[in-house]
**Q** 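After the structure tokens below, expect a handful of questions from me.
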Amino acid sequence: RTLNGDIAISITNNDSILLMVSNSLLVTLDYETSNIHFHVPYETFTSGIDSIDQKLKNLRGTVLDFNGKIGITINTQNFTEQKYNMEGTLTDAIPPTKVRGKGSMSCIPSGDDMTPACTLLLSFESTLADLNLENVFPSAQPKVRVDLRQSILEKNDQ
């Protein structure tokens with residue numbers, strides 16, 4: 001799991017791409033089942049635009065929540081990039097919405113050779129409505145891209 005992973009949402013507004021970024025992403029990945037869950041409060045996102053950042057802060061208590069599965073058997077002893085497809089559900093959407101994406105995972109040996117750490121990259125497309133962000137970006141195009149970037153997942157102590 002990681003407690004401070006990075007997530008970015010790319011939004012096209014007019015002819016510009018806005019980037020919302022948070023470093024408060026919680027990701028858990030079950031190495032045995034390949035099930036993944038991530039959770040991030042919208043109030044932790046920033047865009048660099050004061051008016052948008054204030055709207056995001058006003059979303060206190062609203063979250064982006066996902067449950068799914070990545071399409072590989074996780075091998076923490078494989079130190080080459082492992083590419084995968086992913087599918088799951090945005091559970092905070094009303095109704096919950098299915099999404100599919102792609103990603104990769106790379107594992108590195110740890111200092112004690114017992115608890116490897118893995119870097120997870122994941123991307124999928126969604127909509128402002130499914131992410132409950134249409135009021136924050138009323139003039140933006142409906143499709144958005146969500147990227148989890150370089151989240152280091154360390155095994156929990158057993």
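FYI, the numbering just counts along the sequence from 1. Because the structure is a prediction, the values reported are computed rather than measured. Because only heavy atoms are used, hydrogens play no part in the values below, and waters and symmetry mates are left out as well, while side chains stay in.
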**Q** Kindly write out the residues that satisfy side-chain hydrogen bond (donor to acceptor under 3.5 Å, both in side chains) with E134, not counting sequence neighbours, or none if the list is empty.
**A** none
**Q** Under the side-chain contact (heavy atoms from CB on, under 4.5 Å) test, which residues partner T73, sequence neighbours left out?
**A** none
**Q** Hey, quick one: are V63 and V27 part of the same hydrophobic cluster, counting side-chain heavy atoms closer than 4.5 Å, chains of contacts allowed?
**A** no
**Q** Roughly how far apart are H39 NE2 and T28 OG1, rounded to 0.5 Å?
**A** 11.0 Å
**Q** Got a second to check how far L59's CG is from L133's CG, nearest 0.5 Å?
**A** 7.0 Å
**Q** Check whether any side-chain heavy atom of V99 sits under 4.5 Å from a side-chain heavy atom of F66, and report yes or no.
**A** yes
**Q** Going from CG on L148 to CD1 on I36, what distance comes out if it is rounded to the nearest 0.5 angstrom?
**A** 6.5 Å
**Q** Check which hydrophobic residues are tied to L19 through side-chain heavy-atom contacts below 4.5 Å, counting indirect links as well, and list them.
**A** V21
**Q** Taking salt bridge (Lys or Arg N to Asp or Glu O under 4.0 Å) as the definition, give me every residue that meets it alongside D130, ordered by chain and number, with sequence neighbours left out.
**A** none
**Q** Taking atom OG of S104 and atom OH of Y84, what is their separation to the nearest 0.5 Å?
**A** 6.5 Å
**Q** Please test S126 against T97 for side-chain contact (heavy atoms from CB on, under 4.5 Å), starting from the C-alpha separation and ending with a verdict.
**A** CA-CA 9 Å; S126 188; T97 303; 5.5 Å; no
**Q** Sort and list the pairs that fulfil salt bridge (charged side-chain N to carboxylate O under 4.0 Å, His left out) and have at least one residue in residues 53-71, not counting sequence neighbours.
**A** E43-R60
**Q** Please report the shortest heavy-atom distance between P41 and S24, naming the atom on each side.
**A** CD-O, 4.2 Å
**Q** In Å, rounded to the nearest 0.5 Å, how long is the span from CG of L120 to CD of Q82?
**A** 10.5 Å
**Q** My understanding is that only residues two or more places apart in sequence, or in another chain, count here; which of them pass side-chain contact (heavy atoms from CB on, under 4.5 Å) with N132?
**A** D92
**Q** Applying salt bridge (Lys or Arg N to Asp or Glu O under 4.0 Å), name anything that partners E125, two or more places apart in sequence or on another chain.
**A** none
**Q** In the hydrophobic clustering that connects Ile, Leu, Val, Met, Phe, Trp and Tyr at side-chain heavy-atom distances below 4.5 Å, which members other than I17 occupy its cluster, ordered by chain and number?
**A** none
**Q** Would a 4.5 Å heavy-atom cut-off, applied to side chains only, mark I52 and F45 as touching?
**A** no
**Q** Atom CD1 of I9 and atom OH of Y42: how far apart are they, to the nearest 0.5 Å?
**A** 5.0 Å
**Q** Once side-chain hydrogen bond (donor to acceptor under 3.5 Å, both in side chains) is applied, what residue pairs with a partner in residues 12-22 remain, sequence neighbours excluded?
**A** N13-S139, S22-T44
**Q** Any heavy-atom pair between the side chains of M20 and V136 that's under 4.5 Å?
**A** no
**Q** Taking only residues two or more places apart in sequence, or in another chain, which ones meet N67 in a side-chain hydrogen bond (donor to acceptor under 3.5 Å, both in side chains)?
**A** none
**Q** Tell me every residue that passes side-chain contact (heavy atoms from CB on, under 4.5 Å) with R145, counting only those two or more places apart in sequence or in another chain.
**A** S10, S123, D147
**Q** My understanding is that only residues two or more places apart in sequence, or in another chain, count here; which of them pass side-chain hydrogen bond (donor to acceptor under 3.5 Å, both in side chains) with T80?
**A** N78
**Q** Kindly determine whether T46 and L56 satisfy side-chain contact (heavy atoms from CB on, under 4.5 Å), including the steps that lead there.
**A** CA-CA 7 Å; T46 59; L56 293 168; over 6 Å; no
**Q** Without hydrogens or angle criteria, can the side chains of D50 and Q54 be said to hold a donor-acceptor pair below 3.5 Å?
**A** no
**Q** Is there a side-chain contact between F124 and L90 (heavy atoms, below 4.5 Å)?
**A** yes
